[in-house]
Amino acid sequence: MRKFQIGRSKGQSIVEFALVLPLFMLFLTGIFQFGLYYADYSALENVARSSARMAALGKTEQEVRDSYIDDAPNMHVHVWDPDSTEDFDITIPEVDKSTGKPVDPDVTVTIHAGLEPSSFLNYVANVTGLSREKFVINFSYKMYYENYNK
């Protein structure tokens, strides 16, 4: 009688394992994808901050853009093109011709990174009905223009 109960509980364990394993793997994949999303966000945040700093110190928009064309950060679940003005917008204040001073005291860098079509997050958005815009990275970074008071 005792052997029968042990054999029966082993079968129950296999069934429970088969039911729980897919959910556990989905949970682990979600944690991994969130890590990749956060890595992309952090890399682009650093790009925006350093770009705003370069522009605030007097570099032109093209010089700032060129510094990332060959050395762009690796994106894991997003698509970002440093050569595109839609993905990477740098606004340097115009200089007023009468006073020789910039009109606005702030340099603004705006970054937009869309979700890569083959990413797991894109698949999750399709299955759950969530908007892909929830996973898109959009932010703007402002910095005081150093030449404003000169």
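For the numbers below, each heavy atom of this structure counts, side chains included, while hydrogens, waters and symmetry mates do not. We count residues from 1, following the sequence as given.
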Let me confirm one number: the [atom1]-[atom2] distance from [X] to [Y], rounded to the nearest 0.5 Å.
X: Ser67; Y: Lys59; atom1: OG; atom2: NZ; answer: 7.0 Å
X: Asp89; Y: Ser84; atom1: CG; atom2: OG; answer: 9.5 Å
X: Ile90; Y: Met54; atom1: CD1; atom2: CE; answer: 7.5 Å

Passes side chain to side chain contact (heavy atoms under 4.5 Å, CB included), Thr108 versus Ser140? Steps please. CA-CA 7 Å; Thr108 306; Ser140 185; 3.2 Å; yes
Is there a path of hydrophobic side-chain contacts, each under 4.5 Å between heavy atoms of I, L, V, M, F, W or Y residues, that connects [X] with [Y]?
X: Val64; Y: Val47; result: yes
X: Val127; Y: Leu26; result: yes
X: Met25; Y: Phe17; result: yes
X: Ile69; Y: Val79; result: no
X: Val77; Y: Phe32; result: yes

Answer yes or no: does atom [atom1] of [X] have more than 12 heavy-atom neighbours from other residues, nucleotides or ligands under 6.0 Å?
X: Tyr38; atom1: OH; answer: no
X: Glu86; atom1: CD; answer: no
X: Gln62; atom1: CD; answer: yes
X: Asn126; atom1: CG; answer: yes

Taking the side chain as C-beta and beyond, is there a heavy-atom pair between [X] and [Y] under 4.5 Å?
X: Ile137; Y: Phe139; answer: yes
X: Leu44; Y: Met75; answer: yes
X: Pro93; Y: Asp106; answer: no
X: Ser50; Y: Tyr68; answer: yes
X: Ser42; Y: Asn46; answer: yes
X: Ile111; Y: Trp80; answer: yes

Whether Tyr41 and Tyr37 hold their rings parallel, tilted or perpendicular, with breakpoints at 30° and 60°: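 Tyr41 vs Tyr37 ring planes: parallel.
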Atom of Arg53, atom of Met143 and distance for their closest heavy-atom approach: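 Heavy-atom minimum between the residues: CA-SD, 3.4 Å.
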Of the non-hydrogen atoms in Phe88 and Ser51, which two are nearest, and what is the gap between them?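 Closest approach of Phe88 to Ser51: CZ-OG, 3.3 Å.
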Between the side chain of [X] and the main-chain N/O of [Y], is any donor-acceptor distance below 3.5 Å?
X: Asp40; Y: His76; value: yes
X: Gln33; Y: Gly30; value: no
X: His78; Y: Phe135; value: yes
X: Asp81; Y: Asp83; value: yes

As a quick check of understanding, evaluate side chain to side chain contact (heavy atoms under 4.5 Å, CB included) for Thr85 and Arg65, giving each step before the final call. CA-CA 9 Å; Thr85 57; Arg65 193 177 299 284; 3.9 Å; yes
Between Tyr141 and Val107, is a side chain to side chain contact (heavy atoms under 4.5 Å, CB included) present by the stated rule, with each step listed? CA-CA 8 Å; Tyr141 199 89; Val107 171; over 6 Å; no
Would you please test His112 and Asn138 for side chain to side chain donor-acceptor pair (under 3.5 Å) and show each step? CA-CA 5 Å; His112 170 82; Asn138 283 317; 2.5 Å; yes
Verify whether one side chain among Tyr123 and Thr128 offers a donor that lies under 3.5 Å from an acceptor in the other.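 No pair is found: no donor N or O on one side chain lies under 3.5 Å from an acceptor on the other.
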